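Only one structure is covered here, and it is reproduced in the block below.
Labels below follow one simple rule: chain letters A, B, ... track the order of the sequence lines, proteins then strands, and each chain is numbered from 1. The shown structure was predicted, so the numbers you read here are calculated from the model rather than taken from an experiment.
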Number of protein chains: 2
Amino acid sequence: MKDFVIIGHKALTTGDFSLNDLPGSAGRMDILCRCINSALFLSHGMRRDINVHLVLLGEPDPGKIVRFNGEELRYLNPDERSSGSLIKKALEKDATDYETRSTPGVWIRRGGLEKLIKEFREEKRNIYYLREDGEDIGKINGLAQNAVFVLGDHMGVTDEEEDIISRDSSATLSIGPLSLHSDHCITIILNELDRLEQPQPKKD
Amino acid sequence: MKDFVIIGHKALTTGDFSLNDLPGSAGRMDILCRCINSALFLSHGMRRDINVHLVLLGEPDPGKIVRFNGEELRYLNPDERSSGSLIKKALEKDATDYETRSTPGVWIRRGGLEKLIKEFREEKRNIYYLREDGEDIGKINGLAQNAVFVLGDHMGVTDEEEDIISRDSSATLSIGPLSLHSDHCITIILNELDRLEQPQPKKD
């Protein structure tokens with residue numbers, strides 16, 4: 001399993017938003033919708049070995065985690081409205097400290113970045129922090145296949161969040177020479193992992 | 001300049017569609033909207049050296065080309081509705097054989113794949129055709145910086161279109177071991193070009 005964590009600093013924490021205005025009414029929920037698409041879609045199917053954790057920190061009830069699981073996911077189409085609609089349905093559930101399933105493959109609970117990172121640490125997962133000045137993902141050796149990747153949104157990552165991540169992260173990575181949107185970073189990370197997983201041709 | 005050509009086989013050719021239903025009412029226009037986003041957005045700005053040509057082949061008036069130019073583009077936000085809205089405005093113009101500007105950085109005209117490829121051939125541009133079984137983009141040497149990349153949509157590329165492209169293409173490329181959506185392919189191609197453009201560190 002590979003896990004992506006995306007922090008939505010302004011993302012609304014109720015389902016009270018319009019699918020016709022994901023950027024405005026839902027606190028840049030459009031960014032998180034595009035991350036769902038990048039992490040889960042293949043041309044002819046879905047990446048079944050992926051979890052995406054959206055950490056929603058906006059008003060009015062900050063600190064909710066919506067998880068999309070590629071293995072069990074249903075009813076997701078590639079367009080932003082489709083993932084927006086599943087997030088909205090999740091946010092319409094009462095969130096507790098434990099996960100509640102809203103639709104097949106989508107869960108919601110209360111929590112934030114610290115809770116997630118603690119769980120990954122206990123599972124002894126390799127946590128990679130994505131930052132513009134990190135080590136180029138194309139140049140490092142041995143990226144773990146069961147990795148966890150943590151990314152910010154349009155506001156980046158706060159100092160406090162960075163402290164939480166850095167304590168447990170294996171490395172700080174960048175996806176290349178230019179700074180890109182989170183969903184584009186996810187596409188590049190997965191392409192890199194796809195190449196690493198591919199059996200190498202035998203040398204003569 | 002780099003150019004991306006995306007063929008929208010079912011994409012509507014009037015502006016008579018709903019931004020609330022880009023996949024259904026507009027013939028999978030959502031795919032083309034995501035390609036616009038991938039080709040043009042950087043984290044803090046826009047890729048100014050990019051043209052995106054959407055070849056719209058759906059009903060009721062097939063054969064229109066909408067061009068987005070990164071250098072002059074305005075009023076584009078990253079969400080699908082935003083690019084959908086600019087495409088809709090372009091399609092509301094009367095299209096002729098020559099380009100008409102609908103909004104800053106967006107043009108429309110009549111035409112199809114053959115016309116575009118002919119123009120690129122006359123400009124002596126390197127044309128790359130993206131196909132699952134092509135040569136891995138990460139393994140080829142000397143990808144041209146002023147390249148033209150041609151991609152299909154969810155329906156791929158027809159035999160007839162493939163003949164038109166293949167006559168003038170420099171190479172058939174793939175973006176890695178798995179088959180991905182066109183917008184994800186564009187992200188990976190641009191990441192590859194970004195790395196090639198980056199000055200290499202001097203060896204001691």
Quiz item: Of all of A/Asn77, A/Leu22, A/Asp30, A/Asn191, which one pairs up most often with chain B through heavy atoms under 4.5 Å apart?
Solution: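 Maximum pair count with chain B is reached by A/Asn191.
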Quiz prompt | Closest-packed option against chain B by number of heavy-atom pairs under 4.5 Å, given A/Ser43, A/Ser38, A/Cys185 | solution = A/Ser43
Is any side-chain heavy atom of [X] closer than 4.5 Å to a side-chain heavy atom of [Y]?
X       : Y        : value
A/His53 : A/Phe120 : yes
B/Leu32 : B/Leu56  : yes
B/Leu54 : B/Ile6   : yes
A/Met46 : A/Leu76  : yes

Can you pull out the residues in [range] with any heavy atom less than 4.5 Å from chain B?
range                       : result
residues 124-137 of chain A : A/Glu132, A/Asp136, A/Ile137
residues 157-175 of chain A : A/Ile175
residues 103-117 of chain A : none

Self-check item: Whether over 12 other heavy atoms sit under 6.0 Å from A/Asn20 CG
Solution: yes
Quiz item: Based on non-hydrogen pairs under 4.5 Å, which of B/Asp183, B/Asp79, B/Leu19, B/Asp21 is most in contact with chain A?
Solution: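 So the answer, after comparing B/Asp183, B/Asp79, B/Leu19, B/Asp21, is B/Asp79.
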Nearest-0.5 Å distance, [atom1] of residue [X] to [atom2] of residue [Y]:
X        : Y        : atom1 : atom2 : result
A/Ile65  : A/Ile7   : CD1   : CD1   : 11.0 Å
B/Glu197 : A/Leu178 : CD    : CG    : 8.0 Å
B/Arg195 : B/Leu190 : CZ    : CG    : 12.5 Å
A/Leu196 : A/Ile140 : CG    : CD1   : 8.5 Å

Quiz item: Quick one: what part of A/Pro23 sits under 4.5 Å from any heavy atom of chain B, side chain, backbone, both or neither?
Solution: side chain
Self-check item: Region of A/Leu180 that comes under 4.5 Å of a non-hydrogen atom in chain B
Solution: both
Quiz item: Are the side chain of A/Ser182 and the backbone of A/Gly152 linked by a donor-acceptor contact shorter than 3.5 Å?
Solution: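 Checking the backbone N and O of A/Gly152 against the side chain of A/Ser182, a donor-acceptor pair under 3.5 Å is found.
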Practice problem: Just say parallel, tilted or perpendicular for the rings of A/Phe4 and A/Phe149, cut-offs at 30° and 60°. | Solution: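 Because their plane-to-plane angle is under 30°, the rings of A/Phe4 and A/Phe149 count as parallel.
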Self-check item: Listed once per pair and sorted, the ring-ring contact (aromatic ring centres under 6.0 Å, His included) pairs that draw on residues 169-198 of chain A, sequence neighbours left out
Solution: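 Qualifying pairs: A/His181-A/His184, A/His181-B/Phe41.
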Quiz item: B/Leu40 and side chain to side chain contact (heavy atoms under 4.5 Å, CB included): which partner among B/Asn69, B/Val52, B/Ile186?
Solution: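 Exactly one option meets the side chain to side chain contact (heavy atoms under 4.5 Å, CB included) with B/Leu40, and it is B/Val52.
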Quiz item: With the threshold set at 4.0 Å, does a side-chain nitrogen-carboxylate oxygen contact exist between B/Asp194 and B/Arg47?
Solution: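 Counted as a salt bridge, because a side-chain N and a carboxylate O are separated by less than 4.0 Å.
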Exercise. Check whether NZ of the Lys or CZ of the Arg B/Lys88 lies under 6.0 Å from the centre of the six-membered ring of B/Phe17 and within 45 degrees of that ring's axis.
Key: yes
